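Beneath this line is the structure, given in structure tokens, with notes to follow.
First listed ligand is number 1; within each ligand, the first listed atom is number 1. Quantities reported herein were computed from a predicted structural model and do not represent experimental measurements.
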Amino acid sequence: MIMPLTWPHLESLLGASAASLYGGEAISQLEHALQSAECAELAGASAALITAALLHDVGHLVAGQGDHDLAMGVDDRHEQIGVAALKDLFADDVLAPIALHVSAKRYLCATEPGYAAALSDASALSLALQGGPMDAGEVRRFAANPHAVAAVALRRWDDEAKIVGKLTPPLAHYLALARQVVRPDSSRTARSVSA
Ligand code: FE
């Protein structure tokens with residue numbers, strides 16, 4: 001059971017993520033999140049999709065898993081944990097691309113020649129745990145999802161966001177963008193911080 005995050009908890013979780021390594025890669029979770037968000041911003045994505053890029057791996061932070069699960073051959077289902085943690089704060093335009101970013105990898109492996117071969121070692125290892133490339137029926141169902149295009153875009157930024165030592169705008173820049181898309185009906189805590 002994952003408790004939905006409040007805005008202050010989300011902020012502190014992201015701030016603390018500078019101290020944890022992004023599973024199997026040589027950068028921190030925070031660097032990976034900021035690089036993903038910057039890729040989205042430079043591509044002209046909406047504030048909601050930039051926010052999804054920033055938060056796509058929050059499930060790793062919430063669960064405190066990652067390398068250990070991977071090493072043990074367990075899929076941590078971080079995309080589902082992330083959505084459960086963020087559902088009080090954000091709407092579908094943020095949550096759906098996060099929910100689908102692992103499926104988007106499986107989709108691209110099935111549909112784009114060379115995509116699987118270009119994955120990092122850690123990403124290739126987790127692919128096997130996540131079910132491998134999609135079959136034809138899964139590809140059709142994924143492509144029919146209204147959020148498929150956003151999820152594939154997020155996936156490509158995720159793949160690019162593993163550059164050691166790359167400078168990005170600070171977390172505060174992306175938190176300000178994220179505040180713009182906090183659900184109007186979310187808890188008083190989130191609204192009072194976003195005011
Ligand atoms: Fe990621």
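- At a cut-off of 2.8 Å, Tyr22 is counted among the residues with an N, O or S atom near the Fe ion (ligand 1).
- Donor-acceptor pairing under 3.5 Å is lacking for the side chains of Glu79 and His56.
- Take the Fe ion (ligand 1) as the corner point: the lines to NE2 of His32 and to OD2 of Asp57 open at 90°, to the nearest 10 degrees.
- Take the Fe ion (ligand 1) as the corner point: the lines to OD1 of Asp158 and to NE2 of His56 open at 90°, to the nearest 10 degrees.
- Note on His101: not counted as a metal contact of the Fe ion (ligand 1), no N/O/S atom lying under 2.8 Å.
- We find that Glu160 and Lys166 are not joined by a salt bridge, their nearest charged nitrogen and carboxylate oxygen being 4.0 Å or further apart.
- For the 3.5 Å distance criterion, the side chains of Tyr174 and Glu41 qualify, holding a donor opposite an acceptor.
- Criterion: ILVMFWY side-chain heavy atoms under 4.5 Å apart, direct or through other members. Under it, Leu5 and Leu61 are part of a common hydrophobic cluster.
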